[in-house]
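Quick note on labels: first sequence line is chain A, next is B, and so on, each numbered from 1.
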Amino acid sequence: MEGENPPIQDIQPWKAIDTVYTNEKAGMDSVDKDLIKRVIYEASKDSNFFKKDEEKRKQTNERIARLKEKLAKVTEDEMKRYHATVRDSIRSAERERHLSRIWIHVDMDAFFASVEELDDPSLKSVPMAVGSIGMISTANYIARRFGVRSAMPGFIGKQLCPQLALVKPNFRRYKEKSEETKEVFRIFDPDFESGGLDEAYLDCTAFASVHGISGEEIAEQIRNLVMEKTKLTCSCGVACNKMLAKICSDKNKPNGQFFLSPNIAAIKAFVKDLPVRKIPGVGCVTEQLLNGFGINTCGDVIKNAHVIAAVFTPLTLSFLLTSSLGISTAFHGKKPAPGELSRKGISCEHTFTAKEDENTLLQMVGSLAHELSAAMASESIEGLTVTVKLKLSDFTVRTRSLTLLSPISDPESISRIASKMLRKEFPVKLRLLGIRMSGLSPIANANGKPKGNSKGS
DNA sequence: GCGGATCAC
DNA sequence: TATGGTGATCCGC
Ligand SMILES: Nc1ccn([C@H]2C[C@H](O)[C@@H](COP(=O)(O)OP(=O)(O)OP(=O)(O)O)O2)c(=O)n1
Ligand SMILES: [Mg+2]
């Protein structure tokens with residue numbers, strides 16, 4: 001009976017597309033998702049980008065097929081052992097369950113776009129995105145109703161919403177506003193962990209106990225103070241660990257908060273039908289892999305954990321199980337030890353209209369090397385490994401790296417090594433070049449003042 | 001150590 | 001016409 005009708009994606013191919021910007025996101029309720037996918041498909045289908053995307057989709061499907069074969073070969077005895085592994089894994093995860101900490105995840109609403117609206121209030125009433133015709137960083141909530149999203153090229157945004165206003169990004173402004181929010185966060189947790197310009201994790205346990213107030217009350221205060229300080233809205237999630245707090249901060253976005261009661265029953269109910277994609281760390285691909293085994297929610301993860309044990313690595317199993325049980329970090333991570341750097345790599349890369357002229361490309365590597373070297377100098381760091389990144393005109397990405405015997409940071413050395421690696425790839429037609437340095441250490445220079453988290457002596 | 005992939009923002 | 005930049009981590013060699 002199978003195969004009489006062609007699969008739906010052959011008749012309506014846009015239904016199969018599933019990129020970063022077709023996913024669920026705050027502010028995307030009540031939009032015609034099928035129409036949006038169709039516009040995106042029509043705008044994309046003849047591009048190199050789309051071809052590469054299709055290739056990746058195919059690759060993911062092959063990966064699912066391989067995993068299924070692997071599962072089929074598992075014997076009954078082995079499966080029994082996987083069940084045991086799962087039981088152990090759950091037991092040890094449960095030992096890390098902490099209900100008594102109060103975590104708040106704060107996330108600014110449509111951050112870049114909101115800053116632009118602040119600086120030009122006329123933008124508040126129109127669909128607007130920050131970015132260029134080539135790439136959108138984020139969109140305000142009016143534009144989101146048209147399907148305009150982060151990581152979507154501006155020209156597609158325009159097709160979804162012809163009135164869309166595109167505003168050039170002002171990173172310095174975003175950094176300034178971000179610093180303002182941090183002044184507020186410090187009040188509630190001096191050790192708050194910042195995750196980029198627009199979000200932070202606050203362990204508010206001590207603050208709550210000292211002031212005799214609840215997590216929800218603290219979240220209200222944070223939102224009020226952030227508004228007072230920045231004139232911007234944010235959303236908060238209140239829960240007993242970082243992951244749950246983060247998921248909660250998305251629940252009542254924008255300008256809202258959500259409190260998850262710190263008891264097992266509430267957490268179990270919260271997590272039961274939660275789509276795996278909501279777990280931070282589970283992206284498009286992992287979601288597809290799991291869906292391939294009928295695993296769609298955290299509840300499904302628990303029920304089918306033996307399947308996961310059979311086809312994924314122990315680390316992935318442990319991560320998915322722990323997360324799906326609603327367990328995650330409940331204490332601040334260690335601060336980098338003195339002399340240790342807070343970052344592990346530093347890089348710069350640029351996209352341009354595809355070029356194949358070797359001298360031009362070599363010259364670009366040289367200027368990247370200078371740019372990177374200057375960034376390293378400003379932090380007084382040097383590195384052992386040089387990695388060159390190439391993106392071919394068909395969007396294939398290649399990296400080539402070399403680890404040295406002693407660290408470097410001067411533009412000439414970086415340029416020389418990067419150029420040598422680039423030369424080996426000729427002839428190529430590139431749309432992007434990048435250089436990254438890793439294996440970093442502070443320059444133990446007497447007069448250069450090490451910045452960042454490295455301690456000077 | 002290397003290269004490709006995945007993920008977050 | 002046109003699909004970003006930066007940093008981290010994991011897996012399988
Ligand atoms: N692929 C992405 C995602 C985000 N950003 C930038 C622009 C956003 O304003 C900022 C914060 O990212 P969020 O995911 O928190 O998105 P927003 O704050 O814009 O919207 P939301 O209200 O959903 O949090 O990071 C970006 O440049 N590229
Ligand atoms: Mg945000």
Chemist: Closer than 4.0 Å, any side-chain N/O of A:T313 to the OP1 or OP2 of C:dC11?
Modeler: yes
Chemist: Please classify the nucleic acid contact of A:A151 as base, sugar-phosphate, or nothing, using heavy-atom distances under 4.0 Å.
Modeler: base
Chemist: Only one of A:M421, A:K424, A:K420 passes side-chain contact (heavy atoms from CB on, under 4.5 Å) with A:R400; say which it is.
Modeler: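 Looking at A:M421, A:K424, A:K420, the match for A:R400 under the side-chain contact (heavy atoms from CB on, under 4.5 Å) is A:M421.
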Chemist: Would you indicate, yes or no, if B:dC2 has its OP1 or OP2 atom less than 4.0 angstrom from a side-chain nitrogen or oxygen of A:K389?
Modeler: no
Chemist: Within a 6.0 Å radius of atom NZ on A:K68, are there more than 12 heavy atoms belonging to other residues, nucleotides or ligands?
Modeler: no
Chemist: Figure out the OH/P separation between A:Y21 and B:dC9, and round it to whole Å.
Modeler: 19 Å
Chemist: If you check the A:C284 side chain, which of B:dC7, B:dG4, B:dT6 turns out closest?
Modeler: B:dC7
Chemist: Compare side-chain N and O positions of A:R277 against OP1 and OP2 of B:dA8 and report whether any pair is under 4.0 Å apart.
Modeler: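 Answer yes for this pair, as a side-chain N or O of A:R277 is under 4.0 Å from OP1 or OP2.
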Chemist: So if I take every side-chain heavy atom of A:R398 and compare against C:dT6, B:dG4, B:dA5, which nucleotide ends up nearest?
Modeler: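 Within the option list, the nearest is B:dG4.
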Chemist: Considering only side-chain heavy atoms of A:R400, which listed nucleotide, B:dC2, C:dG7, B:dG4, is closest?
Modeler: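 Among B:dC2, C:dG7, B:dG4, the one nearest the side chain of A:R400 is B:dG4.
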Chemist: Starting from the C-alpha separation in whole Å, work towards a yes-or-no answer on salt bridge (charged side-chain N to carboxylate O under 4.0 Å, His left out) for A:E54 and A:R57.
Modeler: CA-CA 5 Å; A:E54 292 238 281; A:R57 264 195 292 283; 3.5 Å; yes
Chemist: What contact category does A:K51 fall into here, base, sugar-phosphate, or nothing, at under 4.0 angstrom with non-hydrogen atoms?
Modeler: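 Nothing, no heavy atom under 4.0 Å.
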Chemist: Round to the nearest Å and state the distance from A:M437 atom CE to B:dG1 atom P.
Modeler: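 One finds 13 Å between P of B:dG1 and CE of A:M437, rounded.
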Chemist: For A:I40, report the nucleic acid contact type (base, sugar-phosphate, nothing); a contact means any heavy atom under 4.0 Å.
Modeler: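 Counting heavy atoms under 4.0 Å across all strands, no contact is made by A:I40.
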Chemist: Does A:R63 make a side-chain N or O approach to OP1 or OP2 of B:dT6 shorter than 4.0 Å?
Modeler: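 Answer is yes, contact under 4.0 Å.
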Chemist: Among C:dT6, B:dT6, C:dC11, which is the nearest nucleotide to the side chain of A:V285?
Modeler: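 For A:V285, the side-chain atoms sit closest to B:dT6.
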Chemist: In whole Å, what is the span from the CG atom of A:L289 to the P atom of B:dT6?
Modeler: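 In whole Å, B:dT6 P and A:L289 CG are 8 Å from each other.
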Chemist: Side chain of A:T286 only, heavy atoms from C-beta on: which candidate in B:dC7, B:dG3, C:dA8 is closest?
Modeler: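 Nucleotide nearest to A:T286's side chain: B:dC7.
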Chemist: Starting at atom CZ of A:R66, determine the distance to atom P of B:dA5, rounded to an integer number of angstrom.
Modeler: 11 Å
Chemist: How far does CD of A:E371 sit from CD of A:E349, to the nearest 0.5 angstrom?
Modeler: 10.5 Å
Chemist: Decide whether a cation-pi geometry holds between A:K52 and A:F395; the criteria are a distance under 6.0 Å from NZ or CZ to the six-membered ring centre and an angle within 45° of the ring axis.
Modeler: no
Chemist: Looking at A:S347, does any N or O in its side chain come under 4.0 Å of the phosphate oxygens OP1/OP2 on C:dG7?
Modeler: yes
Chemist: Within the structure, does a side-chain N or O atom of A:S401 lie under 4.0 Å from either OP1 or OP2 of B:dG3?
Modeler: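 Result: yes.
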Chemist: Looking at the side chain of A:K344, which of C:dG7, C:dG4, C:dT9 is the nearest nucleotide?
Modeler: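 Given the options C:dG7, C:dG4, C:dT9, the side chain of A:K344 is closest to C:dT9.
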Chemist: Expressed as a whole number of angstroms, how long is the span from A:L372:CG to C:dG5:C1'?
Modeler: 13 Å
Chemist: Over all strands shown, is A:D198 touching base, sugar-phosphate only, or nothing at heavy-atom distances under 4.0 angstrom?
Modeler: sugar-phosphate
Chemist: C:dG7 P sits how many Å from A:I435 CD1, rounded?
Modeler: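 Checked: the CD1 to P distance equals 13 Å.
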Chemist: Under 4.0 angstrom, heavy atoms only, what part of the nucleic acid is A:L402 near: base, sugar-phosphate, or nothing?
Modeler: sugar-phosphate
Chemist: At their closest point, which heavy atom of A:A239 faces which heavy atom of A:C248, and how far apart are they?
Modeler: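 Scanning both residues completely, I find the closest heavy atoms to be CB-SG, 4.5 Å.
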Chemist: Does a side-chain N or O from A:T403 land closer than 4.0 Å to OP1 or OP2 of B:dC2, or not?
Modeler: yes
Chemist: Any side-chain N or O of A:T399 under 4.0 Å from OP1/OP2 of B:dG3?
Modeler: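 No, no such contact exists.
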Chemist: Pick the nucleotide of DNA chain C nearest each of A:K45 and A:E371; which residue has the one closer to the 5' end?
Modeler: A:K45
Chemist: Between A:T316 and A:T351, which has a closest nucleotide on DNA chain C that is more 5'?
Modeler: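 Nearest-nucleotide comparison on DNA chain C picks A:T351.
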Chemist: A:G195 or A:Q59: which one's nearest nucleotide on DNA chain B is closer to the 5' end?
Modeler: A:Q59
Chemist: Distance check needed: C:dG4 P versus A:K168 NZ, whole Å only.
Modeler: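 Interatomic distance, NZ of A:K168 to P of C:dG4: 17 Å.
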Chemist: Just checking A:L315: base, sugar-phosphate only, or nothing, at a heavy-atom cut-off of under 4.0 Å?
Modeler: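 Sugar-phosphate contact only.
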Chemist: Side chain of A:E349 only, heavy atoms from C-beta on: which candidate in B:dC9, C:dA2, C:dT6 is closest?
Modeler: C:dT6
Chemist: Less than 3.5 Å apart, any donor N or O on the side chain of A:N48 or A:D394 sitting next to an acceptor on the other?
Modeler: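 Not at all, the side chains of A:N48 and A:D394 share no donor-acceptor pair under 3.5 Å.
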Chemist: Report the distance from atom CZ of A:R343 to atom P of C:dT9, rounded to the nearest whole Å.
Modeler: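 About 13 Å, once rounded to whole Å.
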